[in-house]
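Shown next, in structure tokens, is the structure this report addresses.
All ligand and atom numbering here is 1-based and tracks the order in the structure.
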Amino acid sequence: MPIHFPPLVAPSVLSADFSRMAEEVAAVERAGADWLHLDVMDGHFVPNLSFGPQLIKALRPQSGLVFDVHLMIAPVDPYLEMFAQAGADHIHVHIEAGPHTHRTLQHIRALGVKPGIALCPATPAEAIGEVLDLVDVILVMTVNPGFGGQKFLTSQLDKIRTLRRMAEATGRDIRIGVDGGVDVQTAALATEAGADMLVAGTSVYGQPDYERAIAGLRGAARRPV
Ligand code: DX5
Ligand code: ZN
């Protein structure tokens, strides 16, 4: 399955103004966002806390965007149903979050949600080889998860290339997203390496003009070489 071009852009609400969350979501929807990225953190799997299913549930009726939920929590299994009921369209779990990722991904699919698998920078591409048949999205962390505004790790570009080859070998349509430090420069590098989904916190919500920011990221994408 060939790579999609141009890539999808998924603004991360982690960098939005939390006191005006519904407006901030509507603003990126008007500005041309493809997906809305929602970062859930538990203060245990990652050293930060963000929000849980209640916020997602409150936003759901306000937005037509695809809700792309990134769970940075462990354990993850007891909470899958809550996030599905809250209105997640995609649920990403980390391969590092528990020993039974295979079962977790099957459970997400059974809940009618698209499963995604996320990998931290220290985790090799091969670690997810045995679950590729179960996922619709691979989320390559290009920072250590936990915080917005960090610097993109160019060391992850080779991993994106490897994962693109692995995804294509399945013959299935698997999106490869990059998450962390994505801006117009790094979007070019990531897409050239084989990413076709860009998560962007600071480089959308930290900008004065969201429409320009989203179009700028999409426009910076390069076809993979
Ligand atoms: C980091 C989160 C990211 C974060 C990205 O743990 O998974 O989605 O919001 O923020 P930026 O784009 O600012 O690096
Ligand atoms: Zn994320």
Side-chain angles (χ1 to χ4, degrees), residues 7-18 21 24-25 28 31 33-53 55-56 59 65-74 76 79 83 88-97 108 113-123 135-157 159-160 175-191 195-208 210 213-214 216-218 220-221:
L8 299 176
V9 178
S12 165
V13 297
L14 194 64
S15 301
D17 178 347
F18 275 45
M21 194 52 98
E24 289 277 70
V25 171
V28 292
D34 296 296
W35 295 355
L36 188 76
H37 190 76
L38 296 137
D39 287 303
V40 178
M41 304 182 183
D42 67 353
H44 166 75
F45 180 70
V46 288
N48 195 9
L49 292 157
S50 59
F51 51 80
L55 179 72
I56 296 171
L59 293 171
L65 287 169
V66 167
F67 277 17
D68 187 58
V69 176
H70 178 190
L71 297 184
M72 286 163 274
I73 65 174
V76 67
Y79 306 103
F83 285 100
D89 295 292
H90 306 160
I91 295 180
H92 302 287
V93 296
H94 271 264
I95 188 75
E96 306 88 358
I108 295 170
V113 177
K114 291 190 171 179
I117 187 76
L119 311 78
C120 288
T123 304
V135 302
D136 293 336
V137 186
I138 299 168
L139 195 63
V140 182
M141 297 308 301
T142 39
V143 297
N144 284 291
F147 304 93
Q150 303 181 77
K151 196 174 163 349
F152 183 95
L153 297 167
T154 50
S155 60
Q156 302 304 298
L157 292 169
K159 189 155 92 186
I160 297 171
R175 287 261 175 193
I176 298 186
V178 275
D179 187 6
V182 173
D183 58 21
V184 284
Q185 277 85 35
T186 57
L189 301 175
T191 49
D196 54 6
M197 193 277 267
L198 305 168
V199 175
T202 315
S203 61
V204 171
Y205 279 111
Q207 303 300 312
Y210 297 166
I214 292 168
L217 289 168
R218 207 177 272 126

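- Proximity of V137 to V135: side-chain heavy atoms (C-beta onward) are nowhere separated by under 4.5 Å.
- For a distance bound of 2.8 Å, the N, O or S atoms of H92 include none lying that close to the Zn ion (ligand 2).
- Put simply, the side chain of E24 gets close to the backbone of D17: a donor and an acceptor are under 3.5 Å apart.
- Remark: the backbone N or O of D183 is paired with a side-chain donor or acceptor of T186 at under 3.5 angstrom.
- Within a 6.0 Å sphere centred on CZ of F147, heavy atoms belonging to other residues, nucleotides or ligands number more than 12.
- Closest to atom 11 (P) of ligand 1, if we only count protein heavy atoms, is G149 N, 3.7 Å.
- At the top of the distance list for atom 10 (O) of ligand 1, counting protein heavy atoms only, stands G148 CA, 3.5 Å.
- The main-chain N or O of G206 is never found under 3.5 Å from a side-chain atom of S15 such that the two would form a donor-acceptor pair.
- For ligand 1, the atoms sitting less than 4.0 Å from at least one non-hydrogen atom of H37 are 8 (O), numbered in the order shown with element in parentheses.
- When each atom of ligand 1 is checked for a heavy atom of M41 under 4.0 Å away, the hits are 6 (O).
- Proximity of L14 to ligand 1, defined as any heavy-atom pair under 4.0 Å, is confined to the side chain (atoms from C-beta onward).
- Ring geometry, H37 versus H92: the interplanar angle falls from 30° to 60°, so the pair is classed tilted.
- The shortest contact between atom 2 (C) of ligand 1 and any protein heavy atom is with D39 OD1, 3.4 Å.
- Side chain of E96 to main chain of T123: no donor-acceptor pair is present (N/O by atom type, distance under 3.5 Å, no hydrogens or angles).
- Between V28 and L36, the closest side-chain pair of non-hydrogen atoms falls below 4.5 Å.
- Protein heavy atom in closest approach to atom 1 (C) of ligand 1: F147 O, 3.6 Å.
- Residue H70 approaches the Zn ion (ligand 2) most closely through its N/O/S atom ND1.
- Atom 6 (O) of ligand 1 has its nearest heavy-atom neighbour, among G146, G177, A200, in G146.
- Using a 4.5 Å heavy-atom cutoff, the side chains of D89 and D68 are not in contact.
- Close approach to M141 involves these atoms of ligand 1, each under 4.0 Å from a residue heavy atom: 7 (O).
- Considering backbone and side-chain N/O of T202, one or more are found under 3.5 Å from N/O of ligand 1.
- Nearest protein heavy-atom neighbour of atom 5 (C) of ligand 1: D179 OD1, 3.6 Å.
- When side chains are defined from C-beta on, L217 does not count as touching I214, because their heavy atoms never get closer than 4.5 Å.
- The atom of D179 nearest to the Zn ion (ligand 2) is OD2, with the search restricted to N, O or S atoms.
- Residue contact check: M72 has heavy atoms under 4.0 Å from atoms 6 (O), 7 (O) of ligand 1.
- With a 4.5 Å cut-off on side-chain heavy atoms, P121 and T142 do not count as touching.
- D39 and S12 share a donor-acceptor pair across their side chains, judged by distance under 3.5 Å alone.
- Residue contacts with ligand 1 for P145 involve both N, CA, C or O and side-chain atoms from C-beta outward (heavy atoms, distance under 4.0 Å).
- Each of the following atoms of ligand 1 lies closer than 4.0 Å to a heavy atom of H70: 7 (O).
- Less than 4.0 angstrom separates some heavy atom of G180 from each of these atoms of ligand 1: 14 (O).
- Proximity annotation for atom 9 (O) of ligand 1: of G181, A118, S12, G201, S12 comes nearest, heavy atoms only.
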Tell me, with the steps shown, if H70 and H94 meet side chain to side chain donor-acceptor pair (under 3.5 Å).
CA-CA 9 Å; H70 178 190; H94 271 264; 2.9 Å; yes
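- Minimum-distance N/O/S atom of D39 relative to the Zn ion (ligand 2): OD1.
- Taking every heavy atom of V199 and a limit of under 4.0 angstrom, the matching atoms of ligand 1 come to 8 (O).
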